[in-house]
S.K.: 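Below you'll find the structure I mean.
The first residue in the sequence is number 1, and the count goes up from there.
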Amino acid sequence: MRTYEYDSNVYFRKITVTACFCVFIFAYAVFQLVTGENPLLWIGALVVSGYFVWETFISIANPSKVEVDEKGITFSAYSKAHHYEWSEIRKFRCKPLASGTKMFVRINEAGIFRGRYWVNCYYYSEGEKLFKFLFDKEIEVDPQGLKAKAVQGSIEAKKLKKQKYDRKRQANAQKQLAKQIRKNAVKR
């Protein structure tokens with residue numbers, strides 16, 4: 001089994017503290033709605049803070065640990081865990097973000113309770129390996145998918161480029177040989 005763990009200090013600061021602050025905002029928004037002041041603002045605050053609290057504590061969308069073995073994958077945080085057997089997974093989608101270290105992972109029919117995970121590989125132990133594993137796993141689970149076809153196309157493009165380069169090198173070598181033969185013939 002391979003275990004990837006989020007840096008605990010960073011996880012506490014970035015996820016736990018933010019979620020606790022959102023609990024406070026949620027409670028304050030409820031209070032403000034009851035008093036009737038500026039309801040549109042507080043409904044917005046209620047929705048945003050409630051969503052973050054839900055994602056953090058209920059659906060564990062920001063896991064603190066990812067465990068992988070030959071049987072399956074487990075995402076866990078706050079003493080909760082979501083385990084998926086490889087044989088049960090029909091869809092495994094990974095969407096890397098522009099930073100190149102954060103990935104949004106969706107498994108099967110992802111819903112509000114489970115199946116959607118933000119994996120910020122930068123803060124995980126051996127994060128580069130985790131990023132590569134998740135990326136490659138999507139291709140393995142769905143070899144006919146768009147990402148698999150893009151990777152195959154990239155490999156084919158590299159092969160064609162190498163063939164073209166090899167032909168060009170061979171042609172240059174033949175030109176050099178012909179030039180050397182002419183040079184030697186002129187000397188005789």
Side-chain angles (χ1 to χ4, degrees), residues 3-68 72-85 88-139 141-142 145-150:
T3 301
Y4 304 95
E5 292 192 54
Y6 207 106
D7 181 317
S8 58
N9 292 328
V10 176
Y11 191 81
F12 178 75
R13 285 192 327 266
K14 285 182 144 289
I15 307 298
T16 306
V17 169
T18 305
C20 291
F21 182 70
C22 284
V23 168
F24 170 75
I25 297 294
F26 186 85
Y28 190 73
V30 169
F31 172 76
Q32 289 296 326
L33 281 171
V34 170
T35 61
E37 292 187 33
N38 210 353
L40 289 176
L41 171 71
W42 297 113
I43 288 173
L46 188 78
V47 169
V48 171
S49 62
Y51 176 77
F52 194 82
V53 168
W54 181 274
E55 289 279 295
T56 302
F57 297 121
I58 308 299
S59 69
I60 59 170
N62 296 296
S64 62
K65 188 182 341 179
V66 178
E67 296 174 306
V68 177
I73 188 167
T74 303
F75 298 91
S76 56
Y78 305 110
S79 301
K80 288 180 72 175
H82 294 166
H83 179 75
Y84 301 91
E85 296 287 329
E88 297 172 348
I89 296 177
R90 296 173 312 283
K91 289 183 185 175
F92 192 89
R93 301 282 186 248
C94 299
K95 183 178 181 182
L97 298 177
S99 66
T101 60
K102 193 169 187 177
M103 191 174 276
F104 184 59
V105 179
R106 289 173 293 151
I107 299 176
N108 291 338
E109 302 305 321
I112 62 170
F113 291 102
R114 63 182 279 150
R116 300 175 317 147
Y117 306 97
W118 290 101
V119 181
N120 193 342
C121 297
Y122 181 77
Y123 296 111
Y124 280 86
S125 57
E126 300 183 77
E128 289 177 9
K129 289 181 182 177
L130 176 59
F131 187 89
K132 182 167 176 24
F133 172 81
L134 293 171
F135 187 87
D136 293 343
K137 196 62 174 178
E138 178 179 355
I139 294 168
V141 170
D142 187 12
L146 186 59
K147 191 174 286 177
K149 288 179 182 177

S.K.: If you take all heavy atoms of C94 and M103, which pair is closest and at what distance?
M.R.: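 Reported closest heavy-atom pair: CB-SD, 3.5 Å.
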
S.K.: Donor-acceptor pair, distance only, cut-off 3.5 Å: does the side chain of R116 make one with the backbone of G111?
M.R.: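 Between the backbone of G111 and the side chain of R116 there is a qualifying donor-acceptor contact (under 3.5 Å).
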
S.K.: Can you confirm whether more than 12 heavy atoms, excluding those of K14, are under 6.0 Å from its NZ atom?
M.R.: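 Not more than 12 within 6.0 Å, no.
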
S.K.: More than 12 heavy atoms of other residues, nucleotides or ligands under 6.0 Å from CZ of F133: is that the case?
M.R.: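 It does: F133 CZ has more than 12 such atoms within range.
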
S.K.: Listed by chain and number, what are the side-chain hydrogen bond (donor to acceptor under 3.5 Å, both in side chains) partners of Y84, not counting sequence neighbours?
M.R.: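 Counting only residues at least two positions away or on another chain, Y84 forms a side-chain hydrogen bond (donor to acceptor under 3.5 Å, both in side chains) with R114, Y117.
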
S.K.: Check the pair I25, V48 against side-chain contact (heavy atoms from CB on, under 4.5 Å), reporting the backbone distance first and the verdict last.
M.R.: CA-CA 9 Å; I25 297 294; V48 171; over 6 Å; no

S.K.: Would you call W118 and K102 a side-chain contact if the rule is heavy atoms closer than 4.5 Å?
M.R.: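 Counting from C-beta outward, W118 and K102 do come under 4.5 Å.
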
S.K.: Rounded to the nearest 0.5 Å, what separation is found between the CZ atom of F31 and the CZ atom of F26?
M.R.: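 With rounding to 0.5 Å, CZ (F31) is 15.0 Å from CZ (F26).
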
S.K.: Mind telling me whether F131 and F135 have parallel, tilted or perpendicular rings, with 30° and 60° as the class edges?
M.R.: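 Taking F131 first and then F135, their aromatic rings lie parallel (interplane angle under 30°).
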
S.K.: Give, for atom OG1 of T101 and atom CG of L130, the distance between the pair rounded to the nearest 0.5 Å.
M.R.: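 Interatomic distance, T101 OG1 to L130 CG, rounded to 0.5 Å: 11.0 Å.
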
S.K.: Which heavy atom of T56 sits nearest to which heavy atom of A19, and what is that distance?
M.R.: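 In this case the closest contact between T56 and A19 is CG2-CB, 3.6 Å.
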
S.K.: Within the distance-only criterion (no hydrogens, no angle test), does the side chain of Y124 pair as donor or acceptor with the backbone N or O of K129 below 3.5 angstrom?
M.R.: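 No; judged by distance alone, with no hydrogens or angles, the pair does not exist.
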
S.K.: Say you draw a straight line from CZ of R106 to CD of E138; how long is it, rounded to the nearest 0.5 Å?
M.R.: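 Going from the CZ atom of R106 to the CD atom of E138 covers 8.5 Å.
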
S.K.: Nearest 0.5 Å, what's the CH2-CD1 distance between W54 and I60?
M.R.: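 W54 atom CH2 to I60 atom CD1 measures 12.5 Å (nearest 0.5 Å).
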
S.K.: I'd like to know if the side chain of K80 and the backbone of I58 have a donor-acceptor N/O pair within less than 3.5 Å.
M.R.: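 It does hold such a pair.
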
S.K.: Do the side chain of S64 and the main chain of E5 share a donor and acceptor less than 3.5 angstrom apart?
M.R.: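 Judged by distance alone, no pair lies under 3.5 Å.
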
S.K.: Going through the distances and angles, do Y28 and W42 end up as a side-chain contact (heavy atoms from CB on, under 4.5 Å)?
M.R.: CA-CA 9 Å; Y28 190 73; W42 297 113; 3.5 Å; yes

S.K.: Would you say CD of E126 has more than 12 non-hydrogen atoms from neighbouring residues, nucleotides or ligands within 6.0 angstrom?
M.R.: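 Atom CD in E126 is crowded, with more than 12 foreign heavy atoms closer than 6.0 Å.
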
S.K.: Is any side-chain heavy atom of S49 closer than 4.5 Å to one of V23?
M.R.: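 A side-chain contact is absent here, since even the closest heavy-atom pair is not under 4.5 Å.
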
S.K.: Please name the pair of heavy atoms, one in Y4 and one in V68, separated by the smallest distance, quoted to 0.1 Å.
M.R.: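 Minimum heavy-atom separation between Y4 and V68: CE1-CG2, 4.2 Å.
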
S.K.: To the nearest 0.5 angstrom, please state how far the NE2 atom of H83 sits from the CZ atom of F75.
M.R.: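 Between H83 NE2 and F75 CZ, I get 11.0 Å after rounding to 0.5 Å.
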
S.K.: For side-chain contact (heavy atoms from CB on, under 4.5 Å), just list the numbers for F92 and L134, CA-CA rounded to whole Å, side-chain angles, deciding distance to a tenth of an Å, and then say yes or no.
M.R.: CA-CA 9 Å; F92 192 89; L134 293 171; 3.8 Å; yes

S.K.: For Y78 and T16: C-alpha separation, side-chain torsions, deciding distance, then whether side-chain hydrogen bond (donor to acceptor under 3.5 Å, both in side chains) applies.
M.R.: CA-CA 10 Å; Y78 305 110; T16 306; 2.6 Å; yes

S.K.: From I73 CD1 over to E67 CD, what is the distance, rounded to the nearest 0.5 angstrom?
M.R.: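 Reported to 0.5 Å precision, the distance equals 10.0 Å.
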
S.K.: Test Y6 against V66 for side-chain contact (heavy atoms from CB on, under 4.5 Å), laying out the working first.
M.R.: CA-CA 9 Å; Y6 207 106; V66 178; over 6 Å; no

